[in-house]
Amino acid sequence: MRGIYSLTALVVSGLALLSSAVVDAKSATGGRVLVLLDSLAEKDSYSQFWQQLEDRQFQLLFREAQDPSTTLSYFGESLFNHIIHFAPKNSNLGQHASLNNIQLVDFVKKGGNILAASGVDASDSMRALAAEFDIELDTDAVFDHTHYDDKHDKIATSEFVGPASIIDATQVNAPVLYSGTGLTVGQLPLSTAILAAESDAFVAESYNKRAKATDAVTLVGALQSRNSARVTFVGSLDVFSDKYLSASVNIGSDKSFKKSGNEEFVKQLSQWTFQEKSVLKVVGHSHHKQNETEQLDWYRVKDDITYNVDISEYKDDQWVPYHANDVQLEIIMLDPYIRTTLQQVPTDTNFGRFEANVKLPDVYGVFTLKVNYKRAGLSYVLAEDQVSIRPFRHNEYPRFLTAAYPYYASTGSMIVGFLVFSAVWLSTWGGRNNKTVAAKAKAN
């Protein structure tokens with residue numbers, strides 16, 4: 001009975017979040033957030049981070065990861081848009097009947113976003129979840145004997161290796177304090193590393209047994225799925241803690257900062273993960289013959305057409321025109337026959353218009369006009385139109401071909417020669433016949 005009451009309370013809370021977050025959410029996908037903790041007693045350790053999210057109109061619902069009443073959907077309707085997974089020690093989540101790794105993966109497949117933080121003592125469930133998104137968590141702490149603050153496992157770094165669309169390094173004015181483990185980002189094109197340790201950092205099996213890494217140690221990684229849902233893994237929970245957000249940074253005796261860069265870093269990281277920035281959408285796309293406006297379902301080979309695609313970017317809580325010089329159009333029938341870069345044209349709207357004038361290939365069949373724009377850190381853009389390209393009709397071919405002029409000339413010369421020959425022949429034999437007739441008449 002207690003479980004039924006807990007489930008009912010959760011559903012009511014989720015529906016309340018649904019009604020309140022739809023209007024006020026600054027995220028492009030909504031503002032309902034489920035926060036999973038190992039223990040609710042840890043909630044106060046991250047109060048500044050929670051305040052950041054609430055200031056951005058997110059509605060937070062806190063639950064212990066092992067709470068059996070926690071569910072992500074109700075009658076097929078998702079109760080949350082985002083999940084903050086701050087429960088790395090919980091080993092029962094993977095076997096949880098109502099909330100497990102399978103449901104978390106399915107949550108991402110449906111468009112939800114996940115921000116997860118771990119540590120050296122991450123459970124097998126957390127490691128398995130990270131592996132689902134092409135990320136492998138290390139088992140040891142990250143050390144740095146050069147760039148550290150107070151302790152060698154409390155490192156400081158400014159190595160922002162991800163694209164600027166995720167973290168704008170110019171806005172982070174101090175190193176980020178980090179205490180935890182490293183991670184390995186896979187080779188999938190959907191994956192990207194965001195933050196790395198300085199070059200002197202390494203991962204060790206223990207404090208007394210150190211092994212120098214050949215490559216920079218990755219600290220934060222992310223995967224953006226094919227439906228543009230975003231999953232971010234951080235190898236340290238302390239990055240989000242009040243202690244690190246407010247702490248000063250002292251690297252040796254010559255580098256000191258009054259405040260770490262953690263506050264700005266976690267703000268930008270959560271903004272990207274929860275789709276508050278770097279979100280693209282196709283407003284519209286069209287095609288028509290040049291100097292015309294009607295969009296047709298078919299064209300003729302070698303027709304000159306104009307193709308347009310309108311793209312908006314969600315930035316600073318509003319949709320604005322997207323600017324780029326690398327958006328391409330492909331005209332495909334099995335393989336691309338034409339690939340060309342679209343040129344941006346000025347507009348007075350809240351979207352950026354990209355346009356290309358194209359001559360269709362001299363091949364007839366069913367073609368796809370496709371814009372498949374995928375860049376790291378930006379949500380993916382796909383616009384497709386299917387058109388038929390037909391051959392010339394019998395009355396559409398040109399009457400005279402330039403390449404056939406010699407044949408035309410030979411035919412004309414034969415005609416002229418025949419006429420000349422006929423005239424000469426007729427005049428010659430006609431004169432002889434006249435003389436013969438005159439001679440016979442004279443003889444008679």
S.K.: Could you label the plane-to-plane angle of the F233 and F133 rings as parallel, tilted or perpendicular, counting under 30° as parallel and over 60° as perpendicular?
M.R.: tilted
S.K.: Parallel, tilted or perpendicular: which one describes the rings of F265 and F160, with boundaries at 30° and 60°?
M.R.: tilted
S.K.: If every non-hydrogen atom of A222 is compared with every non-hydrogen atom of I135, which pair is closest and at what distance?
M.R.: N-CD1, 4.1 Å
S.K.: Out of curiosity, L382 CG to K374 NZ, how far, rounded to the nearest 0.5 Å?
M.R.: 7.5 Å
S.K.: F49 vs F240 aromatic rings, parallel, tilted or perpendicular, using cut-offs 30° and 60°?
M.R.: tilted
S.K.: Stepwise, does the side-chain contact (heavy atoms from CB on, under 4.5 Å) test hold for L296 with E294?
M.R.: CA-CA 6 Å; L296 304 176; E294 182 183 2; 3.8 Å; yes
S.K.: Do side-chain atoms of S78 reach the backbone of F80 as a donor and acceptor pair under 3.5 angstrom?
M.R.: yes
S.K.: What class does the angle between the rings of Y46 and W50 fall in, given that below 30° is parallel, 30 to 60° is tilted and above 60° is perpendicular?
M.R.: perpendicular
S.K.: Relative to Y244, does K154 satisfy both conditions: NZ or CZ under 6.0 angstrom from the six-membered ring centre, and within 45 degrees of the ring's axis?
M.R.: yes
S.K.: Under the side chain to side chain donor-acceptor pair (under 3.5 Å) criterion, do S246 and Q48 qualify, and how do the steps go?
M.R.: CA-CA 9 Å; S246 303; Q48 293 185 35; 2.7 Å; yes
S.K.: Does the side chain of S125 come under 3.5 Å of the side chain of S123 through a donor N or O and an acceptor N or O?
M.R.: no
S.K.: N101 and E132: side chain to side chain donor-acceptor pair (under 3.5 Å), yes or no, with the steps?
M.R.: CA-CA 9 Å; N101 286 349; E132 292 284 350; over 6 Å; no
S.K.: Mark yes when over 12 heavy atoms from residues, nucleotides or ligands other than Y148 sit less than 6.0 Å from its OH; otherwise mark no.
M.R.: no
S.K.: Is the closest side-chain donor-acceptor distance between S236 and D238 under 3.5 Å?
M.R.: no
S.K.: Can you tell me which residue among K26, Q52, K277 is in a side-chain contact (heavy atoms from CB on, under 4.5 Å) with Q271?
M.R.: K277
S.K.: Check the pair F58, V35 against side-chain contact (heavy atoms from CB on, under 4.5 Å), reporting the backbone distance first and the verdict last.
M.R.: CA-CA 11 Å; F58 283 100; V35 182; over 6 Å; no
S.K.: Would you indicate whether D55, at its atom CG, is surrounded by more than 12 heavy atoms from other residues, nucleotides or ligands within a distance under 6.0 Å?
M.R.: yes
S.K.: How many angstroms lie between CD in E276 and OG1 in T29, if you round to the nearest 0.5 Å?
M.R.: 9.0 Å
S.K.: What distance separates L40 CG from R63 CZ, expressed to the nearest 0.5 Å?
M.R.: 8.0 Å
S.K.: Just checking D348: does its CG atom have more than 12 heavy atoms from other residues, nucleotides or ligands closer to it than 6.0 angstrom?
M.R.: no
S.K.: Is a side-chain N or O of N81 found less than 3.5 angstrom from the main chain of R32, in a donor-acceptor match?
M.R.: yes
S.K.: Using only heavy-atom distances, determine whether the side chains of S312 and N350 contain a donor-acceptor pair under 3.5 Å.
M.R.: no
S.K.: Any side-chain heavy-atom pair from P175 and T157 closer than 4.5 angstrom?
M.R.: no
S.K.: Out of T184, L223, V231, which one pairs with D134 under the side-chain contact (heavy atoms from CB on, under 4.5 Å) rule?
M.R.: L223
S.K.: Is it true that the side chains of S270 and R56 contain a donor and an acceptor less than 3.5 Å apart?
M.R.: yes
S.K.: Mind checking the CZ-CG spacing from R339 to L329? Nearest 0.5 Å is all I need.
M.R.: 10.0 Å
S.K.: Distance-only, no hydrogens or angles: does the S379 side chain make a donor-acceptor pair with backbone N or O of L280 under 3.5 Å?
M.R.: yes
S.K.: Taking C-beta and beyond as the side chain, do V185 and T192 meet within less than 4.5 Å on heavy atoms?
M.R.: no
S.K.: Determine whether a donor-acceptor pair (N or O, by modelled atom type, separation under 3.5 Å) exists between the side chain of N100 and the backbone of I102.
M.R.: yes
S.K.: Where do L219 and Y178 come nearest, in terms of heavy atoms and distance?
M.R.: O-OH, 3.3 Å
S.K.: Check for a donor-acceptor pair, side chain of Q275 on one end and backbone N or O of S228 on the other, with a separation under 3.5 Å.
M.R.: yes
S.K.: Just by modelled atom types, is the N90 backbone N or O under 3.5 Å from a matching donor or acceptor in the D38 side chain?
M.R.: yes
S.K.: What I want to check is whether the side chains of E264 and Q268 have a donor and an acceptor closer together than 3.5 Å.
M.R.: yes
S.K.: Is the shortest heavy-atom distance from the side chain of Q328 to the side chain of D326 under 4.5 Å?
M.R.: no
S.K.: Nearest 0.5 angstrom please: L34 CG to I114 CD1, how far?
M.R.: 10.0 Å
S.K.: Can any side-chain N or O of E198 pair as donor or acceptor with the backbone N or O of S158 at less than 3.5 Å?
M.R.: yes
S.K.: Assess whether a salt bridge exists between K89 and D121, defined as any Lys/Arg side-chain N lying under 4.0 Å from an Asp/Glu carboxylate O.
M.R.: yes
S.K.: To the nearest 0.5 Å, how far apart are CG in L195 and CD in E159?
M.R.: 8.5 Å
S.K.: Contact between Y307 and T340 at the side-chain level, heavy atoms closer than 4.5 Å - yes or no?
M.R.: no
S.K.: So which heavy atom on I155 is nearest to which on A197, and how close?
M.R.: CD1-CB, 4.0 Å
S.K.: Within a strict 4.5 Å, meaning less than it, do heavy atoms of the V239 and V220 side chains meet?
M.R.: no
S.K.: Between the side chains of Q224 and R230, does any donor sit under 3.5 Å from an acceptor?
M.R.: yes
S.K.: Give me the atom names and distance for the closest heavy-atom approach of A376 to S165.
M.R.: O-OG, 3.4 Å
S.K.: Given 3.5 Å as the limit, does a donor-acceptor pair link the side chain of D149 with the main chain of N250, or not?
M.R.: yes
S.K.: Other residues, nucleotides and ligands only: do more than 12 of their heavy atoms fall within 6.0 Å of OH on Y364?
M.R.: no
S.K.: Is there a donor-acceptor pair under 3.5 Å between the side chain of D304 and the backbone N or O of Q290?
M.R.: no
S.K.: Within the 4.5 Å heavy-atom criterion, are V381 and V327 side-chain neighbours or not?
M.R.: no
S.K.: If we only count heavy atoms from C-beta on, is the L99 to L104 side-chain gap below 4.5 Å?
M.R.: yes
S.K.: Take H82 and L115 through the test side-chain contact (heavy atoms from CB on, under 4.5 Å) and record every step on the way to the result.
M.R.: CA-CA 8 Å; H82 322 282; L115 174 62; over 6 Å; no
S.K.: Can you give me the closest heavy-atom contact between L183 and G221, atom names plus distance?
M.R.: CD1-N, 3.9 Å
S.K.: Side chain of E330, backbone of T368: donor and acceptor closer than 3.5 Å?
M.R.: no
S.K.: Hey, is CG on D124 packed in by over 12 heavy atoms from elsewhere, all under 6.0 Å?
M.R.: no
S.K.: Quick one: closest heavy-atom pair of Q344 and Y322, and the distance?
M.R.: NE2-O, 2.8 Å
S.K.: Heavy atoms, side chains only, cut-off 4.5 Å: are L72 and I83 in contact?
M.R.: yes
S.K.: Does the ring center of H145 lie less than 6.0 Å from the ring center of F202?
M.R.: yes
S.K.: I would like to know whether R300 and L360 meet side-chain contact (heavy atoms from CB on, under 4.5 Å); could you show each step before the answer?
M.R.: CA-CA 8 Å; R300 193 188 65 189; L360 295 177; over 6 Å; no
